[in-house]
Peer 1: 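Let me begin by handing over the structure; questions about it come next.
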Amino acid sequence: MSAENVDLREYLSEEVQAVHKNTTYDLIANIVHDGKPSEGSYRIHVLHHGTGKWYELQDLQVTDILPQMITLSEAYIQIWKRRDAGETNQQGA
C-alpha cells in the first residue's frame, strides 16, 4: 500500500463526505509500538513536509527512512492529511 493519494471516502461518514468533496489523503505520521503490550518501545515515522523526506524518531535518535519501509511496519496510530483540491504530490512515499 502506498502512503499517498489514498481515497478514504468509504471510511468517512455521509455527513463528512457531504462537506468535503475531496476525500484523498496522504500519510504524514506513523506511530509503531515494538514489544509486548505491557512493555516495549515506540517509534514514529514523520514526513518533513518542506523536503518530502521521511524520518524515524526513537527516543533521541533521528534517522532517515525510505518511504517504502513505513508500510512494512505494523502501525499503532496513523495520522493522515486531507489533500486540498488541486494539490500536487510533494512527498516521497
Peer 1: Would you compute the distance between atom NZ of K81 and atom NE2 of H49 and round it to the nearest 0.5 angstrom?
Peer 2: 5.5 Å
Peer 1: Assess whether a salt bridge exists between K53 and D64, defined as any Lys/Arg side-chain N lying under 4.0 Å from an Asp/Glu carboxylate O.
Peer 2: no
Peer 1: Given a cutoff of under 4.5 Å between side-chain heavy atoms of I, L, V, M, F, W and Y, with clusters grown through shared members, what are the other residues clustered with V62?
Peer 2: I31, Y42, I44, V46, Y55, L57, Y76, I77
Peer 1: Which residue is it: D26, T23, T24, D7? I am looking for the one with a side-chain hydrogen bond (donor to acceptor under 3.5 Å, both in side chains) to R83.
Peer 2: D26
Peer 1: How many angstroms lie between atom CZ of R82 and atom CD1 of I28, to the nearest 0.5 angstrom?
Peer 2: 12.0 Å
Peer 1: Is it true that atom CD of E39 has more than 12 heavy atoms of other residues, nucleotides or ligands lying nearer than 6.0 Å?
Peer 2: yes
Peer 1: When you group the ILVMFWY residues by side-chain heavy-atom contacts below 4.5 Å and let the links chain together, are L72 and L27 in the same group?
Peer 2: yes
Peer 1: Start with the C-alpha gap between V32 and H45, add the side-chain angles, then the distance that decides, and say whether side chain to side chain contact (heavy atoms under 4.5 Å, CB included) holds.
Peer 2: CA-CA 8 Å; V32 179; H45 305 121; 3.7 Å; yes
Peer 1: To the nearest 0.5 angstrom, please state how far the NZ atom of K21 sits from the CZ atom of R9.
Peer 2: 7.5 Å
Peer 1: At their closest point, which heavy atom of A29 faces which heavy atom of W54, and how far apart are they?
Peer 2: N-CH2, 4.1 Å
Peer 1: At what distance, to the nearest 0.5 angstrom, does CG of L47 lie from CD1 of I65?
Peer 2: 12.0 Å
Peer 1: Could you measure the distance from the CD1 atom of I70 to the CD atom of Q78? Nearest 0.5 Å is fine.
Peer 2: 9.5 Å
Peer 1: Can you see which heavy atom on S41 is nearest to which on Q58, and at what distance?
Peer 2: OG-NE2, 3.2 Å
Peer 1: With a 4.5 Å heavy-atom cut-off, do R43 and S73 have their side chains touching?
Peer 2: yes
Peer 1: Kindly determine whether Y11 and V6 satisfy side chain to side chain contact (heavy atoms under 4.5 Å, CB included), including the steps that lead there.
Peer 2: CA-CA 11 Å; Y11 302 106; V6 177; over 6 Å; no
